[in-house]
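Below, read A as the first sequence line, B as the second, and so on, with proteins coming before strands; counting in each chain starts at 1.
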Amino acid sequence: MPELPDVEDARHELSRWLTGTTVVELHLSDTRLGRGKRAPPPAMVAGRRVLGVGRRGKWLRIDLGEVLLFSHLGMTGKWTCRSPGAPAERSERAQIVVRRRRARLCVGYVDARRLGRLVVTRDDIPEWRALGPDPLADGIDVPRLIVELGKQRRAVKVALMDQSLLAGIGNVHATEALFFAGVDPRTRTDALSPRQVRAVARGVRRTLARSLARYRKARARGGSGYVSEEGPDDFVVYGREGEPCPRCGARIERIVLGGRGTTFCPRCQRRS
DNA sequence: CTCTATGTTTAATT
DNA sequence: GAATTAAACATAGA
């Protein structure tokens with residue numbers, strides 16, 4: 001579930017479940033979550049108060065005061081909430097048991113493919129520090145983008161997925177943003193006009209806003225502790241190879257860029 | 001069985 | 001150096 005809007009939804013839920021509670025215990029049933037680095041010592045979190053849950057790009061940071069818990073959802077990670085007695089989902093890899101007054105709650109991390117990460121530290125991790133500005137929290141600095149993109153030669157879609165340029169955009173939203181911008185995903189970044197860069201920035205804001213609004217609506221309706229996922233119908237060109245372009249009717253094409261499937265309209269999306 | 005998948009990192013190659 | 005490509009991680013679904 002992992003691009004900016006999905007992670008922001010996870011942050012929202014995690015914050016509701018955790019903020020203001022006290023950690024009873026953290027249990028990690030999968031050592032791979034730390035990626036071979038020093039295995040996180042779960043003992044250092046017991047008894048700590050959860051001060052809040054932050055997000056930058058696709059990373060989550062649970063603030064325990066002196067200690068930080070970083071979470072990246074990879075491809076299939078998600079956070080869930082259950083009562084401590086209830087059975088865990090199949091691929092639950094970690095549990096955080098917390099206490100709010102008398103009541104106990106078990107917040108579980110579920111990740112079938114185990115491409116996610118979970119790291120306990122006292123300082124910000126390098127991956128977090130390396131992130132570029134977050135389009136939601138920091139906004140998009142278009143003049144900076146024009147300068148940065150002008151220095152590079154790679155395809156604009158690959159650049160959009162670079163987390164050090166803008167944090168939080170993945171394959172889906174890069175694909176959607178470029179459709180909204182009317183820009184061919186193969187366009188070299190140094191060939192983009194300032195006008196095109198502005199269009200790309202607007203496209204990014206638009207696709208993120210659409211998803212964020214969907215999550216807001218799902219939460220307002222569905223209520224508690226339930227993460228809704230976006231489906232194939234929620235996107236305009238992503239996953240729609242062979243279908244007619246919603247704007248001009250031309251056949252949506254699929255290519256591979258940066259190792260990822262990329263759909264676009266060959267008529268609406270121009271190189272220059 | 002084959003192909004694909006909302007991510008990241010590392011190594012090899014151009 | 002920069003850019004591209006492939007592989008690896010491990011699993012589910014079409």
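Distance A:Lys78 NZ to B:dA5 P: 21 Å, rounded to the nearest Å. Residue A:Arg188 contributes atom CZ, which lies 15 Å from atom P of C:dA2 at whole-angstrom precision. C:dA2 atom C1' lies 15 Å from atom CD of A:Glu148, rounded to whole Å. Look at CD1 on A:Ile169: it is 12 Å from P on B:dT8, rounded to the nearest Å. One atom, CG of A:Leu149, and another, C1' of C:dA3, lie 15 Å apart when rounded to the nearest Å. Spacing between atom CG of A:Leu257 and atom P of B:dT4 amounts to 15 Å, rounded to whole angstrom units. Rounded to whole angstrom, the span from the CZ atom of A:Arg154 across to the P atom of C:dT5 amounts to 13 Å. Rounded to an integer number of Å, the gap from CG of A:Leu115 to P of B:dT8 is 10 Å.
Residue A:Arg153 places at least one side-chain N or O closer than 4.0 Å to OP1 or OP2 of C:dA3. Within the 4.0 Å cut-off from OP1 or OP2 of B:dG7, not a single side-chain nitrogen or oxygen of A:His72 is found. OP1 or OP2 of B:dT8 lies within a sub-4.0 Å distance of a side-chain N or O belonging to A:Lys58. Contact between the side-chain N/O atoms of A:Arg90 and the OP1/OP2 oxygens of C:dA12 is found at a separation under 4.0 Å.
Nucleotide B:dT6 has no partner under the Watson-Crick or G-U criteria, as no pair reaches both atom distances under 3.5 Å. With a 3.5 Å ceiling on both atom-pair distances, the Watson-Crick or G-U wobble partner of C:dT4 is B:dA12.
At a threshold of 4.0 angstrom between heavy atoms, the contacts of A:Arg254 are confined to the sugar-phosphate backbone, with no base atom among them. Within 4.0 Å of A:Gly170, counting heavy atoms only, lie sugar-phosphate atoms of the nucleic acid but no base atom. Residue-level contact check: A:His173 touches neither bases nor backbone, having no heavy atom under 4.0 Å from any strand.
No hydrogens or angles considered: a donor-acceptor pair under 3.5 Å links the side chains of A:Tyr215 and A:Asp6. A:Ser211 and A:Arg214 share a side-chain donor-acceptor pair at under 3.5 Å.
Relative to the ring axis of A:Phe180, A:Arg205 does not place its NZ or CZ within 45° and under 6.0 Å from the centre.
Under the 3.5 Å distance criterion, the side-chain polar atoms of A:Thr21 are matched with a main-chain donor or acceptor of A:Leu18.
Partner of A:Trp59 under the side-chain contact (heavy atoms from CB on, under 4.5 Å) criterion, chosen from A:Asp134, A:Leu73, A:Leu131: A:Leu131.
Comparing the P positions of B:dC3 and C:dA6 gives an interatomic distance of 15 Å, to the nearest angstrom. Taking atom P in both B:dT2 and C:dA7, one finds a spacing of 16 Å when rounded to whole Å.
Note: A:Ile96 CD1 to A:Leu69 CG = 5.0 Å, rounded to the nearest 0.5 Å.
Distances were taken from every side-chain heavy atom of A:Glu127 (C-beta onward) to each of B:dT9, B:dA5, B:dG7; the shortest belongs to B:dT9.
Of the residues near DNA chain B, A:Arg113 and A:Met161, the one whose nearest nucleotide (by heavy atom distance) lies more toward the 5' end is A:Arg113.
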